[in-house]
There are 2 protein chains.
Amino acid sequence: MVAERADAARNRRRVLAAAAALFAEHGAANVSMEQIAAEAGVGKATLYRRFPDRAAIAVALLDEHERALQDELISGAPPLGPGAAPAERLAAFYAAMVDLLEQHGHLVLGAEVGHRRFDVGAYQFWRTHVLTLLRDAHVERPEVMVELLLAPVAPEVHRHQREALHHTAERVKAALAELAHRVLDRPETDKGT
Amino acid sequence: MVAERADAARNRRRVLAAAAALFAEHGAANVSMEQIAAEAGVGKATLYRRFPDRAAIAVALLDEHERALQDELISGAPPLGPGAAPAERLAAFYAAMVDLLEQHGHLVLGAEVGHRRFDVGAYQFWRTHVLTLLRDAHVERPEVMVELLLAPVAPEVHRHQREALHHTAERVKAALAELAHRVLDRPETDKGT
DNA sequence: AGTGATATGGACGCACCGTCCGTTTCGCCG
DNA sequence: CGGCGAAACGGACGGTGCGTCCATATCACT
């Protein structure tokens, strides 16, 4: 890859901007590739050249926001970053995920992203992070448990909680925090190490 | 409703049989309404008269199998039925759900059922059951927690575990059992009543 | 400026959805 | 037993969105 041609880069930016606007207005599920192409002022083939489907566009838009959280997890202050107890870090991660879903959930909800969410790079990152926490806490079968613990913050679940059940984000966070502590706190372990 | 006309009943049976065969062969996601109608030997309008979409057909097919588990939860022997400790019952419920997904997961995976899974009657049933367990175990915010605890046995999650991660059903069951115990067992509570 | 590689755009073919309406079948009633 | 209104049927139809194809325009390097 010798460097992206100038017109290609310009069109990529246009597409992303158009998609962001349309997704925000109509919801990611109700926007067709044709609409995005028209709004961006590019042809459909141009769109398909860069992004194989809607999911890829949504992922590209999400990436930016997710990267911020990823940085925090790696090198931020506790309890999100390193230093706190695993249960605390998991609770903090859950809370951050809820915030992320509150802000940008509309990008993923309803689109095929839901089906492919396990494939996107971000999921692998969350997975690795929580896996580390589970290993730190000496949980058995961490590779399986990590999937179970990620499931409660799946976009569909969050949407269900917020829209159908009318739970507040705060209540959801509280329940997730309790879940984190119940799963990772070993009561017999001495707290003051 | 004065009683279903004979031809209507016959066609309903045909449709369900055809759908079951096609879903089993090609997967629920890859079967169109047209295919089902053709296989059943009925017109498309006839199909739409009974079932608004693929999801409704899949739900109708699943219902039968789910009902068996529902009966067990209500009146079966412990630990699935009443009598055992909440953590035991939750673990047993998880195991039964895994069995259900192993057997009939292909009906729901990939179809729109995934999107609407919160709407189907069966979900409400699982929800009520687990909610009862949570109340018995004096968990806080049970209405929120129940959604979090149901998420790990969502069809997509299970498929991901089995197909992409190559975890065995047994490993998943074991992890779910551990999750159930970690969440619901109160270590300080006396085990002997 | 010339030139080959790369990118563009919109038309095209395809598949499926969900509806519409003329025709057929049912089951009751005289 | 035959007629009749209601209910069900079936396949054609219009519409939407997908993903591809290729003639044309644009770029970047010499």
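Every chain is numbered from 1 and lettered A, B, ... according to where its sequence line falls, protein lines coming before strand lines. Given the structure is predicted, the values throughout are model-derived calculations rather than measurements. When reading the values below, keep in mind they use all heavy atoms of this one structure, side chains included, and skip hydrogens, waters and symmetry mates.
- Looking at which nucleotide of DNA chain C each of B/P52 and B/R10 is closest to, the 5′-most match is held by B/P52.
- Straight-line distance from the CG atom of A/N11 to the P atom of C/dT8: 5 Å, rounded to whole Å.
- Although no hydrogens or angles enter the test, the distance criterion places a donor-acceptor pair under 3.5 Å between the side chain of B/Q35 and the main chain of B/S32.
- The distance from atom CD1 of B/I36 to atom C1' of C/dC16 is 12 Å, rounded to the nearest whole Å.
- Between the CD1 atom in A/I36 and the CZ atom in A/F51 there is a gap of 9.0 Å [rounded to 0.5 Å].
- Remark: the A/E102 side chain and the A/H158 side chain contain an N/O donor-acceptor pair separated by less than 3.5 Å.
- Considering only side-chain atoms of A/Y48, the nucleotide from C/dT8, C/dC17, D/dC18 that sits closest is D/dC18.
- Here D/dG17 presents its P atom at 12 Å from NE2 of A/H26, a figure rounded to the nearest Å.
- Taking the ring centroids of A/F93 and A/H129, they lie under the 6.0 Å cut-off.
- Comparing B/D7 and A/N30 along DNA chain D, the residue whose closest nucleotide (by nearest heavy atom) sits nearer the 5' end is B/D7.
- Residues B/E66 and B/H104 have side chains that never bring a donor and an acceptor to within less than 3.5 angstrom of each other.
- The CG atom of A/L107 sits 11.0 Å away from atom CD1 of A/I57, with the distance rounded to the nearest 0.5 Å.
- A distance-only check finds a donor-acceptor pair linking the side chain of B/R89 to the backbone of B/L73 [under 3.5 Å].
- Backbone-only contact: A/R50 has heavy atoms under 4.0 Å from sugar-phosphate atoms and none from a base.
- Here A/R117 pairs with A/E156 in a salt bridge; the nearest charged N to carboxylate O distance falls below 4.0 Å.
- With hydrogens and angles left out, the side chain of B/R5 and the base of D/dA7 share a donor-acceptor pair within 3.5 Å.
- Taking the side chain of B/S32 as heavy atoms from C-beta on, and the options C/dC17, D/dA7, D/dC9, the nearest nucleotide is C/dC17.
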Which atom pairs link the protein and nucleotides 11-13 of chain D when you take only N or O atoms and keep those under 3.5 Å?
{"from": "D/dG11", "atom 1": "O6", "to": "B/A45", "atom 2": "N", "distance (Å)": "3.4"}

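- Here C/dC21 presents its P atom at 14 Å from CZ of B/R49, a figure rounded to the nearest Å.
- Atoms CZ (A/F51) and P (D/dT20) sit 16 Å apart, rounded to a whole Å.
- Heavy-atom minimum distance, B/P152 versus B/L179: CG-CD2, 4.2 Å.
- Taking every heavy atom of residues 13-25 of chain B and every atom of DNA chain D, no pair lies under 4.0 Å.
- Here A/R12 lies out of heavy-atom contact (under 4.0 Å) with every strand.
- Taking atom CZ of residue B/R54 and atom C1' of nucleotide C/dC17, one finds them 10 Å apart after rounding to whole Å.
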